[in-house]
Amino acid sequence: MNMIDIYNKLLETLGEQKWWPAKTPFEVVVGAILTQRTKWENVAKAIDELEKGDLLSPDALVNVNRNKLESLIKSTGFYKQKAERLQTVAQYFAKNDLPSLGENSTEVLRNELLALNGVGKETADSMLLYALNKPKFVIDAYTVRICKCLGISGGYDHLQEKFESALPKDVPLFKEFHALIVEYGKRYCNRKRCNECVLDVKKRA
DNA sequence: CACCAGGTTGACC
DNA sequence: GGTCAACATGGT
């Protein structure tokens with residue numbers, strides 16, 4: 001089964017996911033930091049708090065009091081380091097306007113994002129794909145686990161190359177595929193449950 | 001009570 | 001190069 005077949009099967013089984021759940025590109029950036037090692041429901045609460053405080057803009061986030069920020073995002077865990085990371089990326093996006101930032105090449109942007117403390121490969125690629133609409137395939141824990149079941153092993157770079165070379169560089173496709181993988185992983189292929197083989201999806205539908 | 005969640009970092013080999 | 005604990009809350 002090739003990548004496109006896998007995509008179609010997931011889509012057919014799970015339906016469209018329509019990621020990333022955010023109202024603005026900068027909200028994607030904020031969510032990308034907050035969701036590190038954390039369930040999305042807890043992130044949603046924090047984003048809600050930030051929205052109430054009118055803090056979902058780079059300038060507002062840069063200027064907010066650190067302790068206040070920490071208390072608002074407490075539900076996401078690791079709240080002290082995440083507060084610091086949020087202000088770091090907010091500073092970057094305050095200096096570099098989001099829409100016009102997209103004119104730069106994907107690789108240049110990626111390196112700039114990776115240079116920020118708290119932004120690793122997955123977070124950078126999530127921002128590139130879902131906030132800046134760049135064709136970067138996001139690899140996460142579910143992707144690694146599912147690929148392993150499929151007999152595809154390797155680290156982040158290897159898997160990313162595998163997806164990107166097997167698929168057309170289509171941003172909506174990349175967005176939806178990653179979303180489907182996460183949803184599939186949550187339901188059928190996580191720490192507690194690994195029904196050895198992924199993509200027997202018909203049986204489970 | 002133990003384990004896990006859409007990672008990243010710095011220390012240590 | 002790779003491995004490992006730390007980071008911390010909320011849900012099963």
Side-chain angles (χ1 to χ4, degrees), chain A residues 6-7 10-11 14-23 25-50 66-92 110-132 134 136-150 153-160 163 171 173-195 198:
Chain A
I6 295 171
Y7 172 78
L10 290 176
L11 181 59
L14 303 170
E16 264 200 297
Q17 304 300 306
K18 304 187 176 174
W19 268 22
W20 187 289
K23 293 178 190 154
F26 186 68
E27 194 179 311
V28 173
V29 168
V30 170
I33 294 291
L34 293 180
T35 199
Q36 291 172 352
R37 203 64 199 169
T38 304
K39 285 195 183 119
W40 183 259
E41 298 79 73
N42 295 328
V43 174
K45 281 184 211 161
I47 298 223
D48 213 51
E49 292 300 307
L50 294 175
R66 175 71 60 86
N67 291 318
K68 181 181 175 187
L69 180 55
E70 288 176 0
S71 71
L72 294 178
I73 66 171
K74 209 162 243 171
S75 64
T76 68
F78 306 136
Y79 61 86
K80 286 186 182 169
Q81 53 171 233
K82 283 179 180 174
E84 185 183 353
R85 290 171 180 186
L86 278 181
Q87 293 198 299
T88 300
V89 299
Q91 206 163 62
Y92 175 80
R110 190 170 196 259
N111 288 330
E112 287 188 8
L113 292 172
L114 287 174
L116 304 175
N117 192 17
V119 179
K121 290 174 184 172
E122 183 182 340
T123 306
D125 290 339
S126 297
M127 292 176 182
L128 287 170
L129 180 61
Y130 292 102
L132 292 160
K134 297 290 190 179
K136 263 284 150 197
F137 203 91
V138 179
I139 305 297
D140 69 334
Y142 289 121
T143 314
V144 174
R145 221 174 275 137
I146 291 172
C147 280
K148 205 171 202 172
C149 287
L150 288 168
S153 55
Y156 195 101
D157 296 336
H158 180 73
L159 293 182
Q160 185 172 56
F163 279 93
V171 171
L173 171 67
F174 280 19
K175 288 182 177 178
E176 186 60 27
F177 202 165
H178 177 246
L180 286 166
I181 287 173
V182 173
E183 185 56 29
Y184 183 82
K186 284 201 264 201
R187 296 200 202 176
Y188 307 118
C189 188
N190 51 58
R191 282 287 171 86
K192 298 182 173 165
R193 185 199 282 270
C194 172
N195 303 349
V198 185

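Computed from heavy atoms alone, side chains included, the values below leave out hydrogens, waters and symmetry copies. Letters go in sequence order (proteins before strands), and every chain restarts at 1.
Ring orientation note: the planes of A:Phe137 and A:Phe174 are nearly perpendicular, at an angle over 60° on the 30°/60° scale.
Atom CG in A:Leu129 sits roughly 18 Å away from atom P in B:dG6 (whole-Å rounding).
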Checklist entry - Could you walk me through whether A:Glu16 and A:Lys18 pass the salt bridge (Lys or Arg N to Asp or Glu O under 4.0 Å) check? => result CA-CA 6 Å; A:Glu16 264 200 297; A:Lys18 304 187 176 174; 3.7 Å; yes

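The side chain of A:Gln36 lies closest to B:dG7, out of B:dG7, B:dA5, B:dG6.
Taking the P atoms as reference points, C:dG2 lies 26 Å from B:dG6, given to the whole Å. If you take atom P in B:dT8 and the same atom in C:dG10, they sit 22 Å apart, rounded to whole Å. Atom name C1', nucleotides C:dC7 and B:dA5: the rounded distance is 14 Å, in whole Å.
By the 4.5 Å heavy-atom criterion applied to side chains, A:Trp20 and A:Leu129 are not counted as neighbours. Residues A:Leu86 and A:Leu34 have side chains in contact (heavy-atom distance under 4.5 Å, counting atoms from C-beta outward).
Heavy atoms of A:Gln81 sit under 4.0 angstrom from at least one base atom.
The side chain of A:Thr123 contributes an N or O atom lying less than 4.0 Å from OP1 or OP2 of B:dT8. For B:dG6, neither phosphate oxygen OP1 nor OP2 lies less than 4.0 angstrom from any side-chain nitrogen or oxygen of A:Arg191.
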